[in-house]
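So that the names make sense, note that chain A is the first sequence line, chain B the second, and so on, each numbered from 1. Keep in mind that the numbers below use all heavy atoms, side chains included, and drop hydrogens, waters and symmetry copies.
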Protein chains: 2
Amino acid sequence: MSASAAILDTPSETPSLRQQAVLDAVLSLIVEGGDPLTMDAVARRASCSKETLYKWFGDRDGLLTATVRWQASRVHAGRTEIDALDAATLRKNLRDFAESWLSVIASPTSVALNRIAVAHAGSRKSNLGAIVLANGRFAIGERVKPVLEAGRAAGLLAFDDTEAAFRTFFGLVGRDIQIRLLLGDALPLDAADIGREAAHAVAQFLALYGRATP
Amino acid sequence: MSASAAILDTPSETPSLRQQAVLDAVLSLIVEGGDPLTMDAVARRASCSKETLYKWFGDRDGLLTATVRWQASRVHAGRTEIDALDAATLRKNLRDFAESWLSVIASPTSVALNRIAVAHAGSRKSNLGAIVLANGRFAIGERVKPVLEAGRAAGLLAFDDTEAAFRTFFGLVGRDIQIRLLLGDALPLDAADIGREAAHAVAQFLALYGRATP
DNA sequence: GCCGAACCGTACCGTACAGTACGGCTTAGC
DNA sequence: GCTAAGCCGTACTGTACGGTACGGTTCGGC
């Protein structure tokens, strides 16, 4: 990768406003799908020259990487405060996580980006898959696990392995949704559905890991 | 698609031995991954001419479709006999399903094929994703659901919606495994792990849906 | 042994797309 | 107002790959 592209090598660097506009153009093209994502199409959509694309992002891969990071940087929600954890708060927290996670994986942007990352993971080189995982599955894990542990500390949950408990939570929430969407299944899922699914998943999770309140 | 390629248009047509060899060559190339799958590479690996490929499979897409179908045709296991269903048999049946499903989604072939299908689902045209779904997620569903219903008939399980119950089963078994593998996470998962995970998932499923044995 | 069909290997064509070069426009600094 | 930097638009290059054409070989039917 050329030295001039180093500006986006590290995730900490924030793209300039103009660069953000370019990345948004990439996102819109990705979400629209259909025709494959070409540098020409990006330049046209973003009203910039290809030369600029290459100067800023190095190559096509760098552009993709920057796009994935850019999208990821917008997803991170604020930390949850966990004090005074009673049963109702725990349930609400978990339901919020479930809902927001379902909203993410059901969004066209997430589906399209995951498709790119999955396809990319097949051809060795770069690490789009790793970035998506780090900002998706693992990021939500790191945010949910403290809540689970707080629930355990408050005597509301019982488990040995936090990671295992989270993976159960993840499975109960996600079920077959993500793979079906990735494979192109037209799974209708509006906000009401998501709310219902989230509540159902949390109820099941609590049935498995909840401690009977004394 | 040209008329001469109609031989593989319908899933019922079985490819000839030579054609099977070609499809196996495609599979081996897909699993190896790395460089993108080109018709030249297939012809070379299968020791056949590109002309033959196009005569048999119509175009690149037809070849991919035939490959996915060919792999799918090998996965279908025999039907499970469900009579005399006691708690132990039910548990064993479910564990078998869970194990075989985990073995499938953890296999390099499945991962590689799913990657192709996911990538394909982004660009409209053909239906690789649909084929994979039909022979994966939905096929296992159609095989598990009768077992669940037999369990309910025997008074061992309690649920209203068979589909919902199966989706819970699916989620408990799969958890984050498939998406992590698709995204290139090196998730170590040997036979022993699979057995343990399957048993764990079934135990959780029974905890949720099992009826206390009288 | 002869014929035709199927098929292999190779050469070939057209196109799409990554990456580069460059002329012209805009804007900032002085 | 002049210069230089940054960027847009467009034109260009190289190449990889999907798809086609064709001569040579094998093989089954007669």
A:F170 six-ring centre to A:R137 NZ/CZ under 6.0 Å and within 45° of normal | yes

Salt bridge (charged side-chain N to carboxylate O under 4.0 Å, His left out) pairs, two or more places apart, involving residues 95-116 of chain B = B:K92-B:D96

Would you say B:R45 has more than 12 foreign heavy atoms packed within less than 6.0 Å of its CZ?
-> yes

What is the distance, rounded to the nearest whole Å, between atom CG of A:D61 and atom C1' of C:dC17?
-> 15 Å

side-chain hydrogen bond (donor to acceptor under 3.5 Å, both in side chains) between A:S49 and A:T52: does it pass, once the steps are laid out?
-> CA-CA 5 Å; A:S49 74; A:T52 303; 2.9 Å; yes

Length of the CH2-P vector between A:W56 and C:dT20, whole Å = 17 Å

Closest to the B:E51 side chain, choosing from C:dG19, C:dG9, D:dG9 = C:dG9

Between protein and nucleotides 11-16 of chain D, map the contacts as a letter string: B base, S sugar-phosphate only, - none, heavy atoms under 4.0 Å, written 5' to 3'.
-> ------

Checking all strands, does B:L37 fall into the base, sugar-phosphate, or nothing category for heavy-atom contacts under 4.0 angstrom?
-> sugar-phosphate

Among B:L182, B:L128, B:I105, side-chain contact (heavy atoms from CB on, under 4.5 Å) partner for B:N114 = B:L182

Report which part of the nucleic acid A:L53 touches: base, sugar-phosphate, or nothing (heavy-atom distance under 4.0 Å, all strands).
-> nothing

Is there a side-chain contact between B:R175 and B:H200, using heavy atoms and a 4.5 Å cut-off?
-> yes

